[in-house]
Amino acid sequence: MTNRNFSRRNFLGLAAGAAGAAALAACGSSGPSDKGGSSGGGSKGGASYWSLSGEPGQPIRQAAIDRFNKANADTKITPTFFQNDAYKQKIKTAIGAGQAPTMIWGWGGGGLKSYVDANQVVDLTDWLGQNAAVKDKILPSSFGAATVNGKIYALPVETVQPIVLFYNKKVFEKVGVEPPKTYGDILNLIPKFNAKGIAPFSLAGQSRWTNMMWLEFMLDRNAGSDVFNNVFAGKAGAWSDPAVLDMLTKVQDLVKSNAFIKGFSSITADSNADQALLYTGKAAMMVHGSWSYGIQKANGGDFVKSGGLGWMNFPPIEGGKGDPTNTVGNPGQYLSISSKASAAEQDVAKKFFSTTLVDDDEKAGWVKSGGVPVLKNADSLYTGDDAQFLKDMSAIAQNAKTFAQSWDQALSPTAAETLLDNIAKLFQLQVTPQQWVDNMNGVIGK
C-alpha cells in the first residue's frame with residue numbers, strides 16, 4: 001500500500017485546501033499524537049485505539065472517541081495517532097510483540113489476512129449476526145475486504161472510494177462523439193481522438209498503481225470477480241485462467257493502438273499531471289479514483305464548476321461475464337479487535353462499534369470532510385455543487401454486486417510489489433501476457 005490511500009480520503013476537501021492539502025492528508029502530522037493515555041493495550045477500565053494522524057481523518061476519529069468517552073465515563077477509549085508510514089511499522093511491531101492496541105485500524109485485505117493467519121484478531125461474524133442492526137447500517141459491498149475465509153474480522157468504517165471513468169465533456173463535444181456505453185465504444189473512440197491530436201486516455205504510468213486500475217476493471221468485466229478471489233485465496237495457478245490472458249492481451253492492444261497519452265510511462269500521479277491532462281483537454285478520458293474529483297476542482301480552474309467533467313462506472317465488455325455494477329477501489333477502512341485484548345476491553349470496542357461508529361454524527365462528519373461514508377442513507381447530506389457527484393459515487397458503491405479492493409491492498413506486500421512491477425512491464429510491452437501470468441503465479445500465497 002502507498003501513501004495515496006490517504007490523499008484518496010479527501011477528494012473534495014482538496015478543493016478547499018488546494019493541492020498542498022493532498023500532501024498533508026497523505027503524510028499526517030510529524031509524529032504520534034496521543035490524547036491522554038498509554039499507547040498499547042487497553043487503558044484501565046477502557047480500551048486503546050491506534051489510527052492515522054492528519055487532516056481530514058484525525059479530527060473525525062477524535063470526535064467519535066470524544067462522543068463515546070462522554071457517554072461512557074467509566075470505560076474510556078484512549079487514542080494514539082501516527083503518520084502513515086510510522087503507523088505501519090508500529091502496528092506490525094506491536095502485534096508481533098503481543099502488545100497490540102485493543103482496536104487495530106487498517107485497510108483490510110492482505111494485511112487483515114496476515115493478522116487472521118496469526119490468530120491476532122477477533123472473529124466478528126457471530127457478533128455481527130447477533131447485532132444485525134449494526135451490520136445493516138453499513139454498505140454491504142464494504143464487507144468484502146473485511147472477510148477472510150468466509151468470516152468477518154473487521155468492521156468497515158469511514159469512507160468508500162470507487163474508481164470510475166472520468167471524461168472531458170468539452171472535448172467530446174469538440175470531436176462530436178458520445179461518451180462510451182461499452183468497451184467496444186471505447187475502442188471506436190480511440191482513433192477518433194487520436195485523429196484530432198487528443199490522447200484518448202490520460203495515464204500516470206510511472207506510478208504503476210494507476211495502470212493497475214485498468215487491469216482490475218478489465219478482468220472484472222471480462223471474467224467477473226471469481227478469478228481474483230482465487231488469487232486472494234491462494235489457489236495455485238489462479239492467474240492461469242484463460243480470461244487473464246485475454247485481459248492482458250486487450251491491455252497491450254490498447255497500448256499498441258495509442259490509447260494512452262504519449263510518454264505515459266514517465267508521468268507520475270503524485271504530481272497530478274494526469275489530472276491536468278484531462279481538465280486542459282489534452283486527454284479525453286481517464287480511469288481514476290473518486291478522489292480525483294477534488295484535485296480537478298482545486299486545480300482545474302472553472303472546469304468542474306462549469307460542468308466540464310463527466311463520470312461513469314467503467315462500461316461493460318461485450319460478451320464478458322462480469323456484472324456491470326461491480327466496482328473496484330477502496331470499499332472502506334477497517335477496525336479489528338485484538339485477540340490479545342481482555343474480555344472487558346473487547347466489550348468496550350464492541351460497544352464503540354455498535355453505537356458511536358454507526359451514529360448520525362459519524363456519518364455527517366465524513367460527508368463534511370468531502371467523503372462518501374460506508375454508512376447507508378447519507379444522500380440527504382449531499383448538498384451544494386458537489387451533491388450529484390457524491391450521490392453518484394454513493395450509488396456506485398451501494399449498488400455494486402462486488403466492490404473489489406485494489407489489488408495491491410488485497411495482496412501481501414511481497415505479491416503486491418511483484419504485481420506492480422509486472423504491470424509496469426506489461427504496459428511498456430516488456431513482458432508477454434504469458435510471462436506476466438507465470439511471474440504472478442510464482443508469488444501466489446506469498
Per side chain to side chain contact (heavy atoms under 4.5 Å, CB included), P373 is matched among V367, T159, V160 by V367
Note to self: Once you measure the plane-to-plane angle for F303 and Y279, does it fall in the parallel (<30°), tilted (30-60°) or perpendicular (>60°) bin?
What the structure shows: tilted
| Going by the angle between their ring planes, with limits at 30° and 60°, are F217 and F314 parallel, tilted or perpendicular? | parallel
Check your understanding: Would you call K321 and D226 a salt bridge, taking side-chain N to carboxylate O under 4.0 Å as the test?
Key -> no
| message | Any salt bridge linking D385 with K297? Criterion: basic side-chain nitrogen under 4.0 Å from a carboxylate oxygen. | response | no
query = Should D347 and K351 count as an ion pair when the cut-off is N to O under 4.0 Å?
reply = no
(Q) Could you go through Q388 and D392, starting from their C-alpha distance and side-chain angles, then the distance that decides it, and tell me whether this counts as side chain to side chain donor-acceptor pair (under 3.5 Å)? (A) CA-CA 6 Å; Q388 191 59 54; D392 289 347; 2.9 Å; yes
Salt bridge or not between E417 and R208? Use side-chain N to carboxylate O under 4.0 Å. yes
Heavy-atom closest pair (S265 atom, Q428 atom, distance to 0.1 Å) is CB-NE2, 3.9 Å
*Describe, in one word, how the ring planes of F427 and F260 are oriented to each other, choosing from parallel (under 30°), tilted (30 to 60°) and perpendicular (over 60°).*
tilted
Margin query: Are F172 and Y167, when compared by the centres of their aromatic rings, separated by less than 6.0 Å?
Written below: yes
When you look at L254 and L187, which way does the side chain to side chain contact (heavy atoms under 4.5 Å, CB included) test go after all the steps? CA-CA 8 Å; L254 288 172; L187 296 180; 3.9 Å; yes
